[in-house]
Structure formats: structure tokens, C-alpha cells
Protein chains: 2
Amino acid sequence: MSVGIKDVAIAAGVSPATVSRVLANRHVKPELRERVETAIRLTGYRPNLSARRLRSQHSNTIGLIVPDIRNPFFTTLSRAVEDAAYKANMRVVLCNTDENPTRETMYLRLMQEERVTGVIYAPTRETAAQLDRLNFDFPVVLVDRHGPAGKHDSVILDNRQASATLVEHLHSRGFKSIEGLFGNTSSTARDRFSGYTEAMNDRALTPRADFVAPNADAATVAARQILSRKDRPEALIASNGLILLGVAQAMQELGLQAPDDIAIAGFDNEIWTGLIGSGITVIEQPVADIGHSAMRLLFERIETPEMAPRVVMLSGKLIERNSSKRPG
Amino acid sequence: MSVGIKDVAIAAGVSPATVSRVLANRHVKPELRERVETAIRLTGYRPNLSARRLRSQHSNTIGLIVPDIRNPFFTTLSRAVEDAAYKANMRVVLCNTDENPTRETMYLRLMQEERVTGVIYAPTRETAAQLDRLNFDFPVVLVDRHGPAGKHDSVILDNRQASATLVEHLHSRGFKSIEGLFGNTSSTARDRFSGYTEAMNDRALTPRADFVAPNADAATVAARQILSRKDRPEALIASNGLILLGVAQAMQELGLQAPDDIAIAGFDNEIWTGLIGSGITVIEQPVADIGHSAMRLLFERIETPEMAPRVVMLSGKLIERNSSKRPG
DNA sequence: AATAGAGCTGAAAAGGTTTTCAGTTTTCTG
DNA sequence: CAGAAAACTGAAAACCTTTTCAGCTCTATT
């Protein structure tokens, strides 16, 4: 049986309450404090977090619900979230939904049972749509994706703007037929699609878009098809890092080079995008900022629950590389 | 105030014990069971995991302690661990140590306070060395790295063999001066270094090795130096994915091409290694397998604690690509 | 028909901590 | 130096479950 606060109390000749107070750094006479501290050291006492949480009603745990930690965007995000969490003396429970609404509701239920302090959450469009019907008893901050307009704290990229920037960039380089390959599950992909479409229309260009499950394999399949079409576009935009990876893979299979055979641009400034060929033009997201902002919003929400929901919108940054150079 | 098991009991006209039994799927008369179930539905009851854990002494939580989730090896590993965990109805608490022994001990302590069911752990060499002096009251399975020989369950790659394979491969392609760039914190890097050195000696080649903090930035700096030396080697081996990334980046900065200017080979078959230039030769690790094996070992250890420690050693697979072709 | 056993249920204890409450000691104020 | 306030401490309640124990109702066996 492991040593509890009671054993420490006996060893130090004080009451359990006093030990608890020493642990919580509350006022207790130096002499007693010292006795307790050595007792703790001697007994090797470690607090039982379950008991502590049960009594204090603070779980000191935050949930992080993302589609897939292997998506580099979410990898980096998770790291930022964890750093902030552990600084605030909180644990992080990580959940991968695979963009599957069933798993999402299961995890949200789990968060409830865990009595988490708060949740950072990148929902699918499907679940996001009914987000205000669900009523969580913990604060939620959406990241990367938004819910019903203005109802929830969220931190997202200005996706329309970012897409428009890519179109503008490609257009200014002389490309006219610009196709887009977008994810089919997130509000983010949808926003990027809108931004793309608007920007194309603004320039009297004809948008053409495809939607695909947001993972590299599915993207490879789709890209293969697009790239081998007779009316292959002059330029192709990929709506996130995994899709971009799929496109790059398809191009390699087909022996195509950017920008000679087709121009390429995408999202997420992963290191490899700078190394592949002579570099792929991308929109860089301030991922770590997004994570930190989300945690800040979460903590502030916890402090003042009645505050009106806030949306933090950050801007992407165009990183021009060779894949979008004017051909020939 | 949230609804507890008591409220459900009252609503169903039974005792809390009965509700608990319904929840745990123990024998209770169908009629009562149904009454309880509708009461649960009506009240929207969610069990309180802290209370449950406190009483039952089962945390159903496993800890995952890794250097950095952004290292793609550990990203994939974490995903495998989580999948297995959630299938077994367990949560995962994720910890990044940044190869920092202080953070390691802090997290190990946390695991103790959390009363975790078990831990999957990739220790630094420093902590690994004193692993048998520490006495955990939870089972630990080491991954990717080993502790004092044969004292702990662990799942690792046959690192010596893998390194030797790379040397053999490069040598058979005609390279003689083969340098190695290794991480400086893990037993794994050390083993890969040993394998490299032995294989070089076996072939009467002179080994030359450098050690560096296992992250891309540090590797870039080191690689830059190696690559701009007058006596630059004919081939360079990188001991993990991040270091390989650093090497690739340095080469690009310096305008060097593989295999024309220098041959390159490394570890971890990340997708980009197949896309960069005309592909980088790597040793592929069965990462998902490693994760699953680790979880299997962990569960078996929990079931039969007195079993002798087991070491599972998996083989890497050489993926030959263009970066190690015989130069022009 | 009596008895053993199985199945089912509820009361109450237990799990390890924090927190409240009340009481005691110390310090401060005038 | 008296009295008030502040600081400190311990006993006991509370947090929400699961589990033990004992009792009760059936069924099955002899």
C-alpha cells in the first residue's frame, strides 16, 4: 500500500490538514513546515492526483482533440499546447478523431467524464455545425476551424485571405488556369475554397476545385488523376500540408517537375517544402502562435466565463519559392 | 452541481450500488437495469472518473514520455500507442522531455502521482543509466532506447545491424570515406555509432563520427561544417530523421547535390525522403509495429508482473534511393 | 418439504485528499 | 498590559464512486 497524507502526518506528528497546507504552500509555522517536509522526504510521499481532483473539483487537465497528430500542423500545435499547459501545471490528454464524428462525440463525452478544465478542439464541419446545441460544462476553444459564427472562442487563420493571396501570386506570375485541391471535412478547407473561388472570379478566371479526404494517400490518388488529365491546369493549389505532400508524390510518380510542367503552391511551411525540387511556394501558418493564443483564450475564458466569445484571426505569410515561377 | 450516481439512484428508485452495478455490467435484474438505464439517459449522468479512479485504484491511464513529439518517429509512435490505448479503454497522457533529464524526472514523478497503469518511455542515456536505481511502482516499457542490459521490457530497432547495413551498402557502391553524424543523447544513437564503427573497421575503412544534439537546427549547423571541410567525405550517414533533415538543409544552402557532390543516407523513411532530389536512401523503421509491440509488452507485464524482462528487437529495412548511387 | 446454493439488492465503509469550522496561540494596537 | 485581530492548527465533513457484507428471494437438489 502506498504512503498517504495520513502517514506523513503521523510521521511528522501533525494533522493531515497541516500536511495538506504545507503542500499547498499555505501559512504554517516554519518549524512545523520543516518537520512535514522532512517527513515527506523520508516517507517518499507522492500526492494522489485522483483524490486531490475529486476533493478539489479541479482536474487540472486539458483535452486536445485533433483529427490526426501526424498532420504536421497538429503536431506542432500539440507541442505548443503542451508547453503552455505544463507551464500552468496542467496535463494534456490527447485525442485523435480521424475526422470521424463518432469518435468526436465519444471523446467529447470522455472529456466530460474527465471533468477537464478546458478543451482545445479542431472539429469536423459536421460536428461544428451542431456545436451550439451541444452544451459542454467546460470551456472550449476551437482551433484551425470555426463553429457557428461568433458563438465560440476560436483561433484560426484568415483562410479566405490566404487562398486569395495564393491565387493573386500565381496570377501575377502569369498563370490563368489554376485548379484547387481541397479537404472535404473541415470548415478551413471550405474557407480556403471560398477564398480561392472569389479570388478567381475577381480576376475573371474560372475556378475549378476538387475535394478529397485530407490525408496524403487520398490526395495522391486525386492528384494523379488531375495531373494526367488532358486539360491539366497550369497551376495547382493544395489546401493543406498533407494534401500538398500527396500532390508532390503524384508528381514524382508521373515524372512531372514544378514549375516546368505545372506550378504548385500550398499551405503549411514544412521544412521539406523548402527542400523538394527547388522549393514549393506555400502559405506559412504561425502554428505555435495559434497554439499559444488558443491556450491564452482558454485560460481567460476560465477566469471570466461570462465574457463574449472571441475570434482570433491570424494571417498567413506567403513564402515564395521556385514551384510557382513563371514557366519557361 | 452536476448529477451524480446518487441522483440517478433516486430517479430510478434504487440504491447507488445498483446503479454502479448496471454501469459495470454486473448482474442486476433486467427490470431494474432498464429503470436505471432510462434514469441515466434522463438525467444525463456522466460518471466522475476521478472518483471512480480513487475508489477502484485503477487509473486506466498510460503515460507516454518522449523527447519531442515533433520528431516524426515519435509522432507515428504516439499515434500507434494511442490507438492501442483507446482500444483498451485507456487514456494517454503525453509528455515531451526535450532530452532534458530534469524534465524527465519531473514527468516520471508526475506519472507516479497520476498512479498510471503503465508508461511507455524513451529515456535519455543519462536517465537510462540509473534506471534500475529508480524504482517505479508502475510497469515501464522502453521504446527506441534501452536501459541497463536486459533489466527492462523494451522494444528497439537492431541499431548496430541497421548502421552496418548502411555502411555495407555505401561501401558496395564504391564509397570509402564514409562519415557519420550521430545524436548525442540516446543509447540508440550510440548503438548506431557502434554499428557504424565496427562495420567500417571490418572493411578496413577509417570511421569518422560527429555528435550533435538530435534536432534539425543543430544538425544543420554541424552538417554545414562537415560539408564545407576541405577533406569532405564521399558519403555522410545521418543517425535519425531530424538529423537527416538538417543535413539536407545544409546541402541545399551550400548548393550541393546527392549523390553527385556527396552521397547521403540516413534513418527514418519519412515521405519527404523519397521526394527530395531523386530520393534519399534510408533505413526504414517499423514504427507502428514498435508502438504496438510496446503496448503489448506493457499489457502483458500488467497481467503477469513477475515475468522476466523481455527485449523485442525489430529489424530496419534498407530503402535504396538515388542519394547513394555511385557518383557519375 | 427442507436445505443448499445462487442471484440479487441495499446499507455502509472505504479510497486519499481538501476545506470548513472552531478553537488555540501569537502578534499587534492603543 | 488588555483586548482585538491575525495566524495557525486539528477534527471532521465532503468529494463521488466502488466494493464489501449481510440479508433477502428464488431455484434446484435431495
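This one's a predicted model, so the numbers in the text were calculated from it and none came from an experiment. A, B, ... follow the sequence lines: proteins, then strands. Residue 1 opens every chain.
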Numerically ordered, the residues 5-16 of chain B set in heavy-atom contact under 4.0 Å with DNA chain C is B/Val14, B/Ser15
Exam field: side chain B/Arg103 to backbone B/Asn96, donor-acceptor pair closer than 3.5 Å: yes
Of the candidates C/dT19, D/dT9, D/dT19, the side chain of B/Arg55 sits closest to D/dT19
So, with a heavy-atom separation below 4.0 Å from DNA chain C, the residues of residues 22-29 of chain B are B/His27, B/Val28, B/Lys29
- Any donor-acceptor pair under 3.5 Å linking the side chain of B/Thr304 with the backbone of B/Arg301? no
When the rotation axes relating C1' atoms of four end pairs to the next four are compared across the helix from C/dA1-D/dT30 to C/dG30-D/dC1, five pairs an end, they differ to 10° by 30°
Q. Given D/dT18, is OP1 or OP2 found less than 4.0 Å from the side-chain N or O atoms of B/Ser20?
A. yes
Are A/Val155 and A/Leu314 close enough that some pair of their side-chain heavy atoms sits under 4.5 Å apart?
yes
Side-chain N or O of A/Gln57 versus OP1/OP2 of D/dC16: is the shortest distance under 4.0 Å? yes
* Give one of base, sugar-phosphate or nothing for A/Thr18, where a contact means two heavy atoms less than 4.0 Å apart. => sugar-phosphate
Practice prompt. Determine, for B/Glu31 against B/Arg35, whether the closest basic-nitrogen to carboxylate-oxygen distance falls under 4.0 angstrom.
Written response: yes
Check: C/dG10 base within 3.5 Å donor-acceptor of B/Arg21 side chain | yes
A/Asn48 CG to C/dT18 C1', in whole Å, measures 13 Å
Among D/dT18, C/dT18, D/dA11, the one nearest any side-chain atom of B/Ser56 is D/dT18
Inset, instruction - Before accepting this row, confirm whether a basic side-chain N of the pair A/Glu99/A/Arg145 lies closer than 4.0 Å to the acidic partner's carboxylate O. - result: yes
message = In the structure I gave you, are the side-chain heavy atoms of B/Leu94 and B/Phe74 within less than 4.5 Å of one another anywhere?
response = no
Whole-Å distance, A/Leu49 CG to C/dT17 P, equals 10 Å
Q) Are A/Asp98 and B/Arg79 side-chain neighbours, meaning at least one heavy-atom pair lies under 4.5 Å? A) yes
Atom CG of A/Leu54 and atom P of D/dA13 are separated, to the nearest Å, by 17 Å
Atom CG of A/Asn60 and atom P of C/dT18 are separated, to the nearest Å, by 12 Å
Separation of D/dT18 atom P from B/Arg52 atom CZ, nearest Å, is 5 Å
Heavy atoms, side chains only, cut-off 4.5 Å: are A/Thr61 and A/Met90 in contact? no
Heavy-atom side-chain contact between B/Val119 and B/Ile65 under 4.5 Å: yes
Q.
Salt bridge check, A/Arg310 against A/Glu300: does any charged N sit closer than 4.0 Å to a carboxylate O?
A. yes
Of the candidates D/dC15, D/dT17, C/dT19, the side chain of B/Ala51 sits closest to D/dT17
Sub-4.5 Å side-chain heavy-atom contact between A/Leu23 and A/Tyr45
yes
Could you go step by step and tell me if A/Met111 and A/Phe136 meet the side-chain contact (heavy atoms from CB on, under 4.5 Å) rule?
CA-CA 9 Å; A/Met111 294 301 104; A/Phe136 307 118; over 6 Å; no
Exercise for review: Check every strand shown and say whether B/Leu32 touches a base, only sugar-phosphate, or nothing at a heavy-atom separation below 4.0 Å.
Suggested key: sugar-phosphate
